[in-house]
Structures are given as structure tokens and as C-alpha cells.
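Read the structure below first, then the notes.
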Amino acid sequence: MNKPEETHVDFIRQIVAQDVAEGKNDGRVHTRWPPEPNGYIHIGHAKGFLLAYGIAKDFNGKFNLRFDDTNPAAEEQQFVDGIIEDMHWLGVDWDDRLFFASDYFEQLYEWAEYLIKAGKAYVCDLSAEEISKHRGRAIHENDRTITPPGKNSPYRNRSVEENLDLFRRMRAGEFSDGSKTLRAKIDMAHPNLNMRDPVMYRIIRVTHHRQGDAWCIYPTYDWTHGQSDAIEGITHSTCSLEFENHRPLYNWFLDQLPIVNRPRQIEYGRLNLTHTVMSKRKLRQLVEEGHVSGWDDPRMPTLRGLRRRGFPPEAIREFIHGIGVTKSDGFVDVAFLEYCLRQDLNKRAQRRMAVLDPLKVVITNYPEGQVEELTAINNPEDESAGTRQVPFSRELYIEREDFMEEPPKRFYRLAPGREVRLRYAYFITCTDVIKDESGNIIELRCTYDPATRGGDAPDGRRVRATLHWVSVQHAIDAEVRLYDHLFSKENPLDVEEGEDWLNGINPDSLVVLTGCKIEPDLGNITPGERFQFERKGYFCVDPDSAPERPVFNRTVTMRDTWAKLRKQKLA
RNA sequence: UAGGGCGUAGCCAAGCGGUAAGGCACCGGCCUUUGGCGCCGUGAUCGGAGGUUCGAAUCCUCCCGCCCUAACCA
């Protein structure tokens with residue numbers, strides 16, 4: 001894995017280190033993360049803020065959280081609160097440096113007038129459609145793309161006085177939504193479209209979640225971002241690759257203004273994960289159209305989804321750390337996320353026994369009415385987790401798939417006449433198979449060997465398999481939700497022309513099991529608690545869980561080489 | 001020949017002129033009271049072609065492929 005402290009640091013930290021070495025910003029390092037509060041954040045965002053936060057930590061600098069709330073049409077307070085909650089959950093902290101771009105609206109407005117007075121911004125009456133046309137649309141012909149130079153807006157040469165007057169009246173609310181904009185006067189022939197007189201302000205009469213109706217003109221991202229960075233004294237402004245084309249504009253604005261701070265924008269490749277989607281727009285669609293139960297559906301890559309699924313924050317951090325930071329568009333295999341997850345859970349999750357698909361077993365030579373308490377280890381990876389007692393009796397449940405009447409070659413679990421071990425209990429041998437009229441197996445009769453108490457045979461006799469089990473009279477009923485990848489395809493967006501990507505949703509991404517049998521020790525649990533159900537995977541108590549009705553989410557299965565073998569055989 | 005960016009094994013990713021780290025996945029094997037965990041082993045000449053050099057994945061040239069941008073979204 002890429003551990004900076006071991007071998008190397010990512011290219012961004014190299015740049016920062018060099019800036020510090022050269023004495024830029026007096027050796028100060030200050031980063032920020034600027035989410036737009038228009039949805040809940042996902043693991044791709046975690047890569048972004050963990051990077052900015054990590055850089056600040058590594059260089060003994062500061063980190064700000066700043067909400068980029070310049071478009072009231074999409075933004076809501078609930079997302080502000082949710083984002084803060086999710087970031088704290090991941091262990092990120094910004095002391096008292098919580099900011100909002102909207103706090104800078106007045107300063108931004110003053111600077112806009114400054115640019116107008118300098119002849120570098122003008123009020124334009126062109127419609128959105130007209131602006132687009134004037135900018136020069138790319139033309140595709142014979143494999144070539146030609147971008148014709150743009151045409152100047154007919155309003156480009158208004159006098160400073162007229163622009164100032166118009167702009168003030170824009171703010172005063174004299175014009176209708178969309179009828180006018182303030183544009184930077186740069187170069188309509190510039191090869192970078194972003195430099196062709198970009199819009200700085202538009203008229204939108206929508207109540208802002210923090211500013212209320214104080215404004216009817218709102219600054220655009222480009223006009224807000226670099227200035228906000230400068231105001232906060234940000235030294236290194238990290239963002240994803242799609243903003244690379246905006247960097248010249250980011251710098252241009254800073255160059256025109258009487259600002260001393262010089263934040264430096266650096267871009268990295270955003271995270272893509274297989275079998276899921278990572279765009280807020282798509283995730284919102286999944287939620288709004290009811291394909292998932294909400295932003296916190298355990299199948300969602302959102303931080304709240306992963307949390308409900310049972311991911312410890314440490315596993316996510318380890319994952320983000322492991323994938324590295326580069327400028328190439330990565331498509332990371334979820335298998336790596338799952339690896340980090342299991343790695344973490346294996347060390348911390350206490351083990352319990354739970355039978356998800358119960359098959360009754362009667363130990364015919366075990367005394368009726370007798371109950372024994374057997375000692376089970378809570379976590380073989382962590383001695384401090386201690387042990388617990390598990391009740392054993394004449395009637396038990398085992399996993400239905402752990403028995404086969406006609407076992408294939410490599411199946412070495414229970415079968416007629418075969419002896420296996422019940423974990424921490426006894427060796428048992430299957431003597432009879434009981435079926436109903438339809439031929440379905442409904443019960444197994446077995447005998448046990450009293451000498452193997454605890455699971456070891458004094459004569460050194462060995463068995464191939466160890467099964468988990470639960471005593472019938474002590475078992476607690478539970479609901480277990482089995483989750484799998486939300487999309488079957490590695491890249492859900494890679495669909496045929498005209499096909500809806502939503503058709504790619506994995507129909508088995510959620511399977512709800514009821515009547516599962518869990519060991520009595522699980523009678524006292526609280527939402528969020530994580531366990532390993534031996535041999536079945538890692539599970540987390542869902543918020544829906546109630547004392548009389550426990551509900552578990554499967555976070556991830558165990559690695560399962562038997563399942564793999566079986567699949568190979570079928571293939 | 002629009003502008004910008006990327007191209008090292010299936011995936012992520014080191015390498016910054018001295019002769020290809022590491023991780024995941026995969027495949028073998030060992031171990032095992034979780035077919036879990038752990039341990040051991042197996043794979044690339046670096047998108048392609050030229051050039052510079054004693055020597056290049058690392059420098060130069062050309063070519064190819066992929067991504068981003070044409071919202072008054074961010």
C-alpha cells in the first residue's frame with residue numbers, strides 16, 4: 001500500500017513541500033474543502049476532504065470547511081447539517097473555522113464594482129442562449145473539432161458609469177430573473193472557453209438558506225471560489241480534474257483584485273468505484289425515484305449509507321489512504337474497499353453465532369432437558385475481548401447450506417454418516433435425514449461424542465469442517481438484511497445507446513431474511529454495534545432494530561473460497 | 001491540425017537518466033475448532049514508433065488511445 005511515511009508522498013504534497021521550502025506564504029499551509037450543500041456526501045467526497053485535511057495535518061497547517069452556497073435553487077440547510085455530521089464521523093475537524101461563501105457576498109459585490117470601475121466587467125443583456133452562441137460553439141467535422149472564436153457581446157462596451165448604474169439596479173431588484181448578467185471582460189477569442197467573458201452574477205429570486213431574501217443577484221462559482229480562498233488565507237486549494245480548465249480564470253480574477261493572498265489551485269483525479277455511481281445527481285435520482293430507501297440506504301456510497309451498512313470510519317480512511325492521489329482517472333475496484341473493510345472488522349468485531357437459514361438438528365443421544373454452557377472466544381484476533389458462554393442443548397439449528405444429502409467432491413461439511421465439529425461444542429455425526437411429504441429436508445438426526453466437549457477429540461481424531469449453530473430453545477429470532485453491490489455492472493453508466501442505466505440495478509442487492517436464529521448473547525444490542533457472525537460475514541445492528549425485533553445489516557461477507565469453488569464448478 | 005489533462009501488469013500505484021516498489025484481484029501451496037485470519041510462491045520492459053545518451057519508463061520528436069470543457073451548476 002502507498003504509505004507516505006514509508007516510501008513516497010503524493011504529487012500534491014510534493015508541491016506543498018516545495019512551496020514551504022521556498023518560503024511561499026511564509027511557510028504557512030492552509031487548506032479547505034468547499035462542498036455545495038445540495039446533497040449528502042459520498043466516499044468520493046471523502047477522498048477530497050481527507051486529502052485537504054491530511055495535507056493541513058502533515059504540514060502543521062490549518063483546514064477550513066467552507067460551504068459553497070452560491071446557488072440557492074439547489075441548496076438546503078439539512079445538507080449543511082448532514083455534511084458536517086458525516087465529516088465529523090470520519091474524524092475530520094476544523095475547530096471554529098466553519099465558513100460559508102455566502103458570508104462573503106458583500107465583499108464579492110464590492111470587488112465586482114471594483115472590476116467594473118477598472119473597465120474589466122460589464123452588464124450584459126444577452127440571454128443565456130445568446131451568450132452561449134456568442135461564445136463560439138465547437139464544431140465537429142471529419143474527426144476534427146474546431147472552436148471558432150467568440151463574438152463580442154453588443155453590450156461589451158458600455159461605459160463604466162452605465163455599468164455601475166445597471167449593476168446597482170440589478171442588486172436593487174429592478175430587473176427580472178435572467179434578464180441581465182454581470183460579465184468579466186476578458187477575451188472572446190480565448191482558446192479556453194472559460195475565459196470568454198464568463199458570467200459573474202445572475203439574477204435569481206430564490207430565498208437563500210442563510211441570506212434569506214437579502215439578495216436577488218448571486219455570484220457564480222468562478223467568481224466566488226478563488227476570492228473566498230483568498231479571503232480565508234488559503235494557500236493550497238485542491239479540487240478535482242474537471243476544474244483544471246477553470247484555473248486560468250481562477251488566477252485571472254485574483255490578478256485583477258487588490259488581494260495579497262495567493263491561493264494555488266491544484267487538481268487531482270476524483271474517485272470512481274466499480275459497481276456503483278458517484279455523482280450527486282445520479283444518487284439524488286436513486287433516492288427521489290425510490291430505487292433505494294434514502295440517502296442512508298446501506299447500498300449507497302454515501303457516507304451515511306456506508307455508516308448504516310456498518311463501515312467503521314477507520315476502514316474508509318484506510319481505503320482512501322491506500323488508493324493514493326494522482327491525476328489519472330481511476331476506477332477503483334470495490335474489492336479493495338471490501339478488503340480494507342474486512343481487514344479492519346477482523347481486528348475489532350466480536351464473533352457471535354447466527355444461523356441465517358435454519359435447519360433443525362436433534363442430537364438423539366443427548367439427554368433431554370439438559371443444557372450446558374460452553375465457552376466461546378469473542379475475538380481470536382484480540383485476546384482482551386474475552387470469552388462468553390453459549391448454551392448447548394439437544395435441539396439445535398445449523399445452516400441449511402451446511403448439509404448436503406449427496407455431497408459433491410470438495411464439500412466437506414455435514415452429510416449422512418459424516419462427522420463434523422460444532423464450534424466450541426462437540427463432534428456430531430449425521431444418522432438420519434427427516435423429510436416432509438414433498439421430499440424437503442426438515443430435520444436431521446445426529447449423535448454426539450461426549451468426549452469431544454469443547455471441540456477437541458482426545459483420540460486425535462480430525463474432522464474437515466466446523467459448523468456454527470444455535471440452541472433451539474435459547475435462540476432469538478432476527479431479521480437480517482443481506483446487501484450486495486447496487487449495480488451488477490462494473491461501470492453502471494456504461495450502457496448501450498438508449499438504455500436506461502437504472503435497469504442495471506442489481507435485483508439481488510437487497511435480500512431480507514426473517515426467522516434467522518441468533519445466539520442469546522445477542523439479546524442486548526444497540527444500533528450501530530458490529531459483529532462477525534462466524535462463517536457468514538460482518539453484520540451491523542440497524543437503526544430499525546428494536547429489543548423485541550432485532551435487525552442486522554450484512555456489511556460484507558467473509559471471503560468465501562467454498563463459494564468460489566462452487567461458482568467455478570458451475571462455470 | 002479548439003483548449004486542457006491522462007496513458008507503468010485485470011485494478012490502484014511507486015519510479016524524477018543507471019538498468020521496473022508495493023497493495024488489491026487472480027492462481028498455486030502451507031496453516032487452521034471460522035473453507036475466516038495468517039504465511040509462502042507465481043505475473044509487466046513501462047500506449048506505439050523514431051531519436052539523444054555508455055545507459056531511458058524517466059529527455060526530445062511524431063503518432064495512437066482515453067478523459068474534461070461549449071450551464072446565468074458546482
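Every chain is numbered from 1, with letters handed out A, B, ... down the list of sequences. What you see is a predicted model; the values in this text were computed from it and never measured. Values below: all heavy atoms of this structure, side chains included; hydrogens, waters and symmetry mates excluded.
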Return the value, rounded to whole Å, for the distance between atom CG of A/N491 and atom P of B/C66. 15 Å

For B/G3, give the paired nucleotide (Watson-Crick: N1-N3 plus N6-O4 or O6-N4; G-U: N1-O2 and O6-N3; both under 3.5 Å), or none. B/C68

Atom-pair distance (CG on A/D187; P on B/A2), nearest Å: 18 Å

Between the base of B/U34 and the side chain of A/Q532, is one N or O donor paired with an acceptor at under 3.5 angstrom? yes

Integer-rounded Å distance: B/G23 P and A/L341 CG: 20 Å

Between A/D229 and A/R66, does the salt bridge (Lys or Arg N to Asp or Glu O under 4.0 Å) criterion hold? Intermediate values first, please. CA-CA 9 Å; A/D229 282 345; A/R66 178 177 72 235; 2.7 Å; yes

Which part of the nucleic acid, if any, lies within contact of A/Y426, taking any heavy atom under 4.0 Å across all strands shown: a base, the sugar-phosphate backbone alone, or nothing? nothing

Rounded to the nearest angstrom, tell me the gap between atom CG in A/L337 and atom P in B/G23. 19 Å

Under 6.0 Å between ring centres: does that hold for A/Y221 and A/H225? yes

Return no unless some side-chain N or O of A/S328 is found under 4.0 Å from OP1 or OP2 of B/A13. yes

I'd like to know whether CD of A/E373 has more than 12 heavy-atom contacts from other residues, nucleotides or ligands below 6.0 angstrom. yes

Can you check the distance between B/C11 and B/G18, where both ends of the measurement are the C1' atom (answer in whole Å)? 30 Å

Report which part of the nucleic acid A/R183 touches: base, sugar-phosphate, or nothing (heavy-atom distance under 4.0 Å, all strands). nothing

Judged by each residue's nearest nucleotide on RNA chain B, which is more toward the 5′ side, A/D329 or A/G455? A/G455

Over how many whole Å does the gap from A/M558 atom CE to B/G38 atom P extend? 11 Å

I'd like the P distance from B/G10 over to B/G17, given in whole Å. 28 Å

A/R270 atom CZ, neighbour heavy-atom count above 12 within 6.0 Å: no

Can you tell me how far C1' of B/C16 sits from CD of A/Q18, to the nearest Å? 12 Å

Regarding B/A71, purine or pyrimidine glycosidic angle vs 90° from 0 gives syn

Is A/R423 positioned over the aromatic face of A/W469, cation under 6.0 angstrom from the ring centre and no more than 45 degrees off axis? no

Taking the C1' atom in each of B/U32 and B/G15, what is the distance between them to the nearest angstrom? 39 Å

For atom P, what is the distance between B/U52 and B/C40, given to the nearest Å? 46 Å

Taking A/R284 for the side chain and A/N38 for the main chain, is one N or O donor matched with an acceptor at less than 3.5 Å? yes

Phosphate OP1/OP2 of B/U34 contacted by A/Q350 side-chain N/O (<4.0 Å): no

May I ask you to say what A/Y412 touches in the nucleic acid, namely base, sugar-phosphate or nothing, with a heavy-atom cut-off under 4.0 Å? base

Classify A/R462 by what it touches in the nucleic acid, base, sugar-phosphate, or nothing, heavy-atom distance under 4.0 Å. sugar-phosphate

Please list each protein N or O that sits under 3.5 Å from an N or O in nucleotides 25-27 of chain B, with the distance.
| from | atom 1 | to | atom 2 | distance (Å) |
| --- | --- | --- | --- | --- |
| B/C26 | OP1 | A/K564 | NZ | 3.2 |
| B/C27 | OP1 | A/Q568 | NE2 | 2.7 |

Figure out the CG/P separation between A/L273 and B/C24, and round it to whole Å. 17 Å

How far, in whole Å, is B/G48 from B/C27 if one measures between their P atoms? 28 Å

So that I know where these two stand, are A/Y218 and A/Y201 an aromatic pair - ring centroids less than 6.0 Å apart? no

Return the 5'-most residue of the pair A/R247, A/N379 with respect to RNA chain B, ranking by each residue's nearest nucleotide. A/R247

Watson-Crick or G-U wobble partner for B/C30, using a 3.5 Å limit on both distances? B/G38

Pair assignment for B/C62, Watson-Crick or G-U wobble, requiring both distances under 3.5 Å: B/G48

Between A/F105 and A/H208, what is the ring plane arrangement, given parallel below 30°, perpendicular above 60°, and tilted in between? perpendicular

For atom P, what is the distance between B/U42 and B/G28, given to the nearest Å? 16 Å

base_contact_polar (B/G3 base, A/N245 side chain, donor-acceptor, <3.5 Å): yes

Side chain of A/E381, base of B/G38: donor and acceptor closer than 3.5 Å? no

Under the 3.5 angstrom rule, does the side chain of A/N272 hit a backbone N or O of A/G330 as a donor-acceptor pair? yes

Can a side-chain donor-acceptor contact be found between A/E129 and A/S127 if the only test is distance below 3.5 angstrom? no

Between B/U45 and B/C24 - C1' atom distance, rounded Å: 23 Å

Every protein N/O lying under 3.5 Å from an N/O of nucleotides 71-74 of chain B:
| from | atom 1 | to | atom 2 | distance (Å) |
| --- | --- | --- | --- | --- |
| B/C72 | OP2 | A/R135 | NH1 | 3.4 |
| B/C72 | N3 | A/G178 | O | 3.2 |
| B/C72 | N4 | A/L126 | O | 2.9 |
| B/C72 | N4 | A/A128 | N | 2.9 |
| B/C72 | N4 | A/G178 | O | 3.0 |
| B/C73 | OP2 | A/R202 | NE | 2.5 |
| B/C73 | OP2 | A/R202 | NH2 | 2.5 |
| B/C73 | O3' | A/R202 | NH2 | 3.1 |
| B/C73 | O2' | A/N71 | ND2 | 3.4 |
| B/A74 | OP1 | A/T70 | OG1 | 2.7 |
| B/A74 | OP1 | A/R202 | NH1 | 3.4 |
| B/A74 | OP1 | A/R202 | NH2 | 2.9 |
| B/A74 | OP2 | A/Y221 | N | 3.0 |
| B/A74 | O3' | A/D68 | OD2 | 3.1 |
| B/A74 | N6 | A/H246 | NE2 | 3.1 |

Sugar-phosphate, base or nothing in reach of A/R413, heavy atoms under 4.0 Å: base

Mark yes when over 12 heavy atoms from residues, nucleotides or ligands other than A/R410 sit less than 6.0 Å from its CZ; otherwise mark no. no

If you look at every strand shown and take non-hydrogen atoms under 4.0 Å, does A/E244 touch a base, only sugar-phosphate, or nothing? sugar-phosphate

Both conditions, 6.0 Å and 45 degrees, for the charged tip of A/R461 above the ring of A/F427: are they met here? no

Between B/A2 and B/U19 - P atom distance, rounded Å: 40 Å

Spacing between A/K327 atom NZ and B/G5 atom C1', to the nearest angstrom: 6 Å

